[in-house]
Amino acid sequence: MFEDVVAVDPAAGEAALIARIGELERLKSAAAAAQAIAAAALDTTRRAGEAAAGVPAARRGRGLAAEIALARHDAPVRGGRHLGLAKALVHEMPHTLDALQHGTLSEWRATLIVRESACLDIEDRQKLDTELCADPAGLEGMGDARIAAEAKKIAYRLDPHAVVERAAQAEHDRTVTIRPAPDTMTYLTALLPVAKGVSVYAALKRAADTCGDGRSRGQIMADTLIERVTGRPAAVPEPLTVNLVLTDDTLLGGATTPADITGYGPIPAAVARAMVAHAVSDERSRATLRRLYAHPRSGALVAMESRARIFPRGLSEFIGLRDGRCRTPYCDAPIRHRDHAHPWARGGPTTATNALGTCERCNYAKESPGWRVNTTTDETHTHTAEFTTPTGHTYRSEAPPRAPTIDISELDTRIGITLAKHAA
Ligand SMILES: [Zn+2]
């Protein structure tokens with residue numbers, strides 16, 4: 001549908017190709033501005049409709065950020081940022097919107113300006129908008145860091161108290177998160193007030209300075225972090241509990257089918273075997289095994305059922321293993337809730353088919369007015385959830401196959417292994 005707008009002639013010559021890259025970049029910015037205008041208009045229309053229908057002001061616009069995220073194929077957690085950016089640009093920051101429309105700013109740089117001005121009241125925000133963006137020439141050549149620093153400087157001059165208050169507020173957001181890294185590694189990230197973060201880093205560096213034993217500085221810092229947080233020497237491997245899913249052939253037969261760590265994703269068969277062997281040989285460890293069954297063609301884990309409202313432990317574990325991560329398309333957040341797709345209060349059964357693993361945010365979003373989720377399990381036991389939003393748009397989410405398989409027998413045995421360490 002955009003063939004003409006995005007057409008490229010590979011034989012156009014070097015200068016024309018560079019010019020085309022520049023044009024397309026401006027097109028991306030213009031498209032981002034158009035998305036912002038559409039999102040702000042949608043917000044206004046939705047809220048007006050809800051006001052007319054008697055929805056209390058505090059509940060209007062619920063779930064809209066998640067709808068925008070789905071339409072943009074982005075994680076729901078970013079939907080709020082997109083909608084916030086749209087409303088700020090359209091209603092409060094016309095010069096920033098103009099710079100985005102004309103390609104002087106990228107969407108990310110406009111986001112940085114909006115973010116740095118978020119603590120200001122509307123008059124100061126408009127002053128910042130005029131000062132920084134009314135003259136597009138002033139924005140030329142500014143990178144992400146400089147744009148953010150300029151916006152921050154202006155905000156601080158206009159209202160120093162607001163900036164200080166915001167810094168105090170930001171301390172409430174301190175947290176620790178984890179996400180997968182390549183090569184069976186993981187990123188453990190701490191968001192800390194700057195003084196605390198710097199002192200943690202300095203303490204780890206000091207350990208590296210005083211401990212020369214052949215390990216690299218980075219290795220010593222990482223080992224020291226593990227030791228001080230867990231209270232155990234870094235050389236004693238494995239976190240407290242690891243849930244692994246692998247085929248019996250991978251564990252016992254030397255097959256190369258990857259195993260799966262719950263909350264992490266696939267790991268090579270050899271690494272999984274080494275983890276199990278280590279847990280079995282270390283007397284402080286204990287490995288518990290349970291058998292799971294996967295469909296041989298789809299790799300989908302096969303269901304269990306229960307009559308209770310609360311998902312019983314076995315079913316709850318099963319849903320966690322089946323879904324892996326939040327089932328909202330593009331979300332990828334860890335699972336916090338085992339949720340009834342068709343609500344229990346309206347007759348939805350407590351079954352694996354009617355269950356969804358979701359994160360907290362998505363659990364609330366899907367309970368907003370006008371949202372519906374239909375779930376099915378097909379003949380290969382593949383579990384599908386179809387999300388319908390208030391505008392009638394639908395988005396599909398399939399539970400991931402847990403591991404490929406070439407077995408053609410009726411069912412294929414998987415082994416779930418929990419590797420746990422006794423408390424010292
Ligand atoms: Zn989610």
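Along the sequence shown, the residues carry numbers beginning at 1.
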If the threshold is 4.0 Å, N to carboxylate O, is there a salt bridge linking Lys366 and Asp339?
yes
Between Ile220 and Arg217, is any pair of side-chain heavy atoms under 4.5 Å apart?
no
Identify the heavy atoms of Ala39 and Ile68 that sit nearest to each other, and give their distance.
CB-CD1, 3.9 Å
Assess the residue pair Glu67 and Arg46 against the criterion (salt bridge (Lys or Arg N to Asp or Glu O under 4.0 Å)); give the C-alpha distance rounded to whole Å, side-chain angles, the decisive distance to 0.1 Å, and a yes or no.
CA-CA 12 Å; Glu67 287 175 65; Arg46 175 70 58 82; 2.9 Å; yes
Within the 4.5 Å heavy-atom criterion, are Leu356 and His383 side-chain neighbours or not?
yes
Heavy atoms only: give me the nearest Thr104-Pro136 pair and the separation to one decimal.
CG2-O, 3.6 Å
Is there a side-chain contact between Val373 and His342 (heavy atoms, below 4.5 Å)?
no
Presence of salt bridge, Glu123 and Arg125, under 4.0 angstrom:
no
Do Ser397 and Thr328 come within less than 4.5 Å of each other through their side chains, counting heavy atoms only?
no
For Arg47, what residues pass the salt bridge (charged side-chain N to carboxylate O under 4.0 Å, His left out) criterion, not counting sequence neighbours?
Asp43
Could you walk me through whether Leu105 and Ile147 pass the side-chain contact (heavy atoms from CB on, under 4.5 Å) test, one step at a time?
CA-CA 10 Å; Leu105 286 173; Ile147 288 262; 3.8 Å; yes
Take Glu150 and Lys152 through the salt bridge (Lys or Arg N to Asp or Glu O under 4.0 Å) test and state the conclusion after the steps.
CA-CA 5 Å; Glu150 286 300 318; Lys152 204 178 292 212; over 6 Å; no
Single hit among Leu85, Ile37, Thr44 for side-chain contact (heavy atoms from CB on, under 4.5 Å) with Val90:
Ile37
More than 12 heavy atoms of other residues, nucleotides or ligands under 6.0 Å from OH of Tyr395: yes or no?
yes
Does Ile122 reach the side chain of Gln126, with side-chain heavy atoms less than 4.5 Å apart?
yes
Apply side-chain contact (heavy atoms from CB on, under 4.5 Å) to Asp159 and Cys119, showing your working.
CA-CA 9 Å; Asp159 190 350; Cys119 57; over 6 Å; no
Can you find a heavy atom in the side chain of Arg361 that is under 4.5 Å from one in the side chain of Arg336?
no
Contacts satisfying ring pair (Phe, Tyr, Trp, His ring centres under 6.0 Å) that involve residues 37-84 (not counting sequence neighbours) are His73-Tyr330
If you count the non-hydrogen atoms of other residues, nucleotides and ligands that lie under 6.0 Å from CZ in Arg372, is the total more than 12?
no
Is it true that the side chains of Thr358 and Arg327 contain a donor and an acceptor less than 3.5 Å apart?
no
Mind running side-chain contact (heavy atoms from CB on, under 4.5 Å) on Arg228 and Thr224 for me, showing each step along the way?
CA-CA 6 Å; Arg228 297 201 184 155; Thr224 308; 3.5 Å; yes
Does atom CG of Leu17 have more than 12 heavy-atom neighbours from other groups under 6.0 Å away?
yes
Decide yes or no for His393 and Thr388: does some side-chain heavy atom of the first lie under 4.5 Å from some side-chain heavy atom of the second?
no
side-chain contact (heavy atoms from CB on, under 4.5 Å) between Asp129 and Glu92: does it pass, once the steps are laid out?
CA-CA 8 Å; Asp129 174 59; Glu92 299 175 3; over 6 Å; no
